[in-house]
Amino acid sequence: MIAPGSALQEDIVTADLTTLAGIEAPTGLLIGGQWSTGRAGTLPVINPATEDALTEVADASPEDAIDAVGAAAQALPAWAATPPRERGEILRRAFELMKQRSEQIARLMVLENGKALKDARSEALYSAEFFRWYAEEAVRIDGSLTIAPSGANRIMAIRQPVGVSVLITPWNFPAAMATRKIGPALAAGCTVILKPAKETPLTALAVASILAEAGVPDGVVNVLTTNKAGPLTQAMLADPRVRKLSFTGSTEVGRLLLKQAAETVTNCSMELGGNAPFLVFDDADLDAAVDGAMVAKMRNGGEACTAANRFYVHERVADEFAAKLTARMAALRVGPGLDDGTDLGPLVNSDTRSKVASLVETATQDGAAVLTGGHAPDRLGYFYQPTVLDRVPAGAGILAEEIFGPVAPIVRFASQDEAITLANDTEYGLVSYLYSQDLRRCLQVAEALEAGMIGVNRGVVSDPAAPFGGVKQSGLGREGAHEGLVEFTETKYIAVDW
Ligand code: NAD
């Protein structure tokens with residue numbers, strides 16, 4: 001393994017990365033343990049708070065991708081045969097290193113993603129936890145042995161690594177979405193090719209260099225940064241050596257990749273978009289509901305698949321809830337993520353901001369009332385004001401689409417049945433939140449909501465020890481928990497007659 005910043009990558013390093021965030025983030029491709037240039041040149045990494053380029057990273061071509069598949073395939077037999085304890089100990093060292101460097105990783109994420117430093121700090125620690133969790137799970141790959149009903153033989157089932165895995169991650173949680181996939185893949189004995197989003201390549205490369213330092217052998221983790229995700233991924237999915245695709249991103253791209261993976265019948269795990277409802281019943285503790293709403297809506301500035309997208313509030317408490325939420329949203333300090341006291345940084349890019357602005361504009365034209373915000377501030381950077389919309393009409397576009405920004409639309413309901421019907425009226429099913437002090441109601445409603453995860457009197461559900469994932473068009477499979485490890489294994493059944 002070549003150390004980041006060494007002579008081999010000098011030709012592609014265009015900025016002193018140590019001045020970026022106090023971390024030596026490499027800017028090359030990582031293929032077979034070598035840092036290299038991309039055959040397609042370089043691509044710029046933009047700081048969303050200033051709209052300036054921070055640096056450039058290598059731009060991989062489909063040929064680079066096939067090289068990475070070759071490196072991962074070559075490294076697979078030895079890694080799969082490495083004792084689980086040893087794989088776990090390497091992941092444990094990666095956890096320790098991630099924790100030690102969490103401040104630098106957090107600052108790097110702020111620079112390329114825009115999020116506020118406090119969000120980035122919490123993500124840096126959360127992402128490290130996936131390495132700790134899967135360091136512990138590596139030694140818990142189980143199987144089973146049963147007697148066939150006929151009594152004639154034994155049914156033995158073992159789990160084996162699924163094989164070379166392509167991991168595709170979004171820009172919104174650049175560290176956590178990578179470690180949530182790399183951790184279980186490596187624990188299971190798979191080798192990987194990570195393709196991060198073009199907006200946030202530096203964090204992925206920094207994580208890869210930490211894994212190398214922790215002792216991951218050459219070729220086990222490969223990283224391709226690219227401006228041409230489509231052709232590069234298509235080339236990898238057409239290669240029969242690739243046996244797994246683990247994707248986190250939009251439902252639209254997920255559908256496309258499922259079609260491509262069908263050609264080679266490649267095993268897929270899909271963590272896709274969300275449209276989370278947040279239900280507040282008239283028996284809820286309203287202050288707790290507002291605290292939860294602030295987390296569910298504003299964690300990561302609203303750029304989260306788990307972000308509360310639609311607030312359904314009982315008509316008896318809606319005025320009070322709206323007033324309290326508005327006061328909290330209006331008090332948020334908007335600014336560059338690295339500035340002291342910033343609560344909300346910029347959105348990741350100009351397209352994201354335009355989408356948020358257009359959803360708000362249409363909702364207000366349709367009759368929604370703006371309680372605070374409702375516009376982008378007049379300054380450089382992709383900022384948008386924290387916004388609360390009240391009396392949003394049913395059928396408004398903002399209730400059907402992922403907002404992915406700091407906007408809270410409120411809709412009033414009159415009965416529990418109506419709330420459940422409204423909440424389930426979406427193609428998505430990632431997470432739902434509900435607030436009520438009646439435990440019976442909480443559990444009844446939780447069972448009726450069509451979502452893979454439910455936050456009951458709680459505005460956050462993410463936890464490395466919990467099975468994260470969606471139903472309906474929010475995804476297939478689970479990440480985190482033991483389930484996350486199983487996704488990177490195949491079951492082999494051995495019929496034994498002894
Ligand atoms: P996106 O779908 O545009 O991109 C995700 C990844 O796919 C990126 O790496 C991108 O480069 C790549 N990609 C884009 N087009 C591709 C193509 N044609 N072929 C192959 N790869 C392609 O999503 P995004 O804007 O980066 O992220 C936001 C989305 O991710 C939201 O919908 C959000 O809900 C979702 N998300 C889901 C989860 C989850 O766990 N369910 C977590 C985080 C984000």
Side-chain angles (χ1 to χ4, degrees), residues 43 48 57 59-60 62 65 112-113 115 123 126-127 130 166-181 193-201 203-204 223-238 242 245-261 266 268-276 299-309 347-349 351-353 355-356 401-405 426-431 451-453 461-464 466-480 483-484 487:
L43 68 108
V57 297
D59 190 0
E112 63 177 358
N113 167 283
K115 62 180 72 189
E123 182 184 347
Y126 171 56
S127 59
F130 284 102
V166 169
L167 316 178
I168 302 182
T169 51
W171 48 262
N172 65 337
F173 289 101
M177 296 304 94
T179 61
R180 197 167 78 171
K181 296 185 189 304
I193 301 125
L194 172 68
K195 196 220 75 63
K198 67 175 187 298
E199 291 84 354
T200 53
T203 307
V223 185
L224 301 171
T225 50
T226 183
N227 216 353
K228 292 158 217 69
L232 180 128
T233 306
Q234 205 163 6
M236 288 195 284
L237 290 179
V242 170
L245 168 65
S246 176
F247 172 78
T248 298
S250 61
T251 296
E252 188 189 355
V253 174
R255 278 189 205 109
L256 185 81
L257 295 179
L258 280 168
K259 282 185 198 146
Q260 290 175 16
T266 298
C268 289
S269 296
M270 294 273 151
E271 294 287 346
L272 307 177
N275 180 4
R299 177 169 171 252
N300 220 39
E303 291 176 311
C305 53
T306 50
N309 211 55
L347 294 168
V348 73
N349 55 33
D351 285 354
T352 306
R353 185 179 54 185
K355 181 186 170 190
V356 171
E401 277 192 55
E402 255 188 317
I403 304 168
F404 244 58
T426 169
E427 69 195 27
Y428 296 103
L430 189 61
V431 58
M453 302 175 284
V461 293
S462 307
D463 188 320
F468 187 106
V471 301
K472 292 161 82 175
Q473 296 194 37
S474 283
L476 298 169
R478 294 294 179 267
E479 289 194 322
E483 282 93 327
E487 300 271 329

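Every number for a ligand or one of its atoms is a count from 1 in the order of the listing. Just so we're clear, the structure is a prediction, and the values are computed from it rather than from any experiment.
- A salt bridge between K228 and D59 is present, with a side-chain N of the basic residue lying under 4.0 Å from a carboxylate O of the acidic one.
- Nearest to atom 41 (N) of ligand 1 among the protein's heavy atoms is L272 O, 2.7 Å.
- E479 CD to M177 CE: the interatomic distance, rounded to the nearest 0.5 Å, is 7.0 Å.
- Among protein heavy atoms, atom 13 (N) of ligand 1 sits closest to A229 CB, 3.8 Å.
- Annotation: atom 3 (O) of ligand 1 to nearest protein heavy atom, S250 OG, 4.0 Å.
- Within ligand 1, the atoms closer than 4.0 Å to a non-hydrogen atom of N172 are 43 (C), 44 (C), numbered from 1 in the order shown.
- Residue L430 approaches ligand 1 through these ligand atoms, each under 4.0 Å from one of its heavy atoms: 41 (N).
- Atom numbering of ligand 1 starts at 1 in the shown order; those under 4.0 Å from a heavy atom of T233 are 20 (C), 21 (N).
- When heavy-atom distances to ligand 1 are checked against a 4.0 Å cut-off, L232 has no atom that comes that close, whether in backbone or side chain.
- When non-hydrogen atoms are compared, ligand 1 lies under 4.0 Å from the backbone of T248 as well as from its side chain.
- For atom 24 (P) of ligand 1, a protein heavy-atom neighbour is found at a distance under 4.0 Å.
- Counting only non-hydrogen atoms, the option in K198, M177, K195 that gets closest to atom 10 (C) of ligand 1 is K195.
- In R180, the part holding a heavy atom less than 4.0 Å from any atom of ligand 1 is the side chain.
- With contacts defined as side-chain heavy-atom distances shorter than 4.5 Å, the pair V223/P196 qualifies.
- The protein heavy atom nearest to atom 42 (C) of ligand 1 is C305 SG, 3.0 Å.
- Atoms of ligand 1 lying under 4.0 Å from any heavy atom of L257, numbered from 1 in the order shown and given with element: 19 (N), 20 (C).
- The proximity of E402 to ligand 1, defined as any non-hydrogen pair under 4.0 Å, is limited to the side chain.
- Contact annotation for F468 and ligand 1: only side-chain heavy atoms (C-beta onward) come within less than 4.0 Å of the ligand.
- K195 and T233 share no side-chain donor-acceptor pair at under 3.5 Å.
- Listed by number with element, the atoms of ligand 1 under 4.0 angstrom from any heavy atom of I168 are 6 (C), 7 (O), 9 (O), 12 (C).
- Between the CD atom in E123 and the OG1 atom in T203 there is a gap of 7.5 Å [rounded to 0.5 Å].
- In this structure, CD in E401 is found 9.5 Å from CD1 in I403, a value given to the nearest 0.5 Å.
- Checking N227 against K198 by side-chain atom types alone, no donor-acceptor pair falls below 3.5 Å.
- Below 4.0 Å from some heavy atom of T169 lie the following atoms of ligand 1, by number and element: 6 (C), 8 (C), 9 (O).
- Under 4.0 Å from ligand 1, the heavy atoms of P196 that appear belong solely to its backbone.
- L258 has its side chain within reach of L476: a pair of non-hydrogen atoms, C-beta onward, lies under 4.5 Å apart.
- Atom 7 (O) of ligand 1 has its closest protein heavy atom at F247 CE1, 3.2 Å.
- Of all non-hydrogen atoms in F404 and L347, the two that sit nearest each other are O-CD2, 3.8 Å.
- There is a side-chain donor-acceptor pair under 3.5 Å between E487 and S269.
- To the nearest 0.5 Å, atom CE of residue M236 and atom CD of residue Q260 are 10.5 Å apart.
- Here F173 contributes atom CZ and T306 contributes atom OG1; the two are 5.5 Å apart, rounded to the nearest 0.5 Å.
- Polar contact with ligand 1: present for W171 (N/O pair, distance under 3.5 Å).
- A donor-acceptor pair under 3.5 Å is formed between the side chain of K355 and the backbone N or O of E402.
- Less than 4.0 angstrom separates some heavy atom of L256 from each of these atoms of ligand 1: 18 (N).
- Looking only at heavy atoms of the protein, atom 35 (C) of ligand 1 is closest to G249 O, 3.2 Å.
- Among the candidates N309, V471, T251, the single residue satisfying the side chain to side chain contact (heavy atoms under 4.5 Å, CB included) test with Y428 is T251.
- Atom 17 (C) of ligand 1 has G230 CA, 3.8 Å as its closest protein atom, hydrogens excluded (heavy atom only).
- Residue P170 places no N or O, backbone or side chain, under 3.5 Å from any N or O of ligand 1.
- The contact set between ligand 1 and V253, taken as ligand atoms under 4.0 Å from a residue heavy atom, comprises 2 (O), 13 (N), 14 (C), 15 (N), 16 (C), 17 (C), 22 (C).
- In this structure, CG on L245 lies 8.0 Å from NZ on K181, to the nearest 0.5 angstrom.
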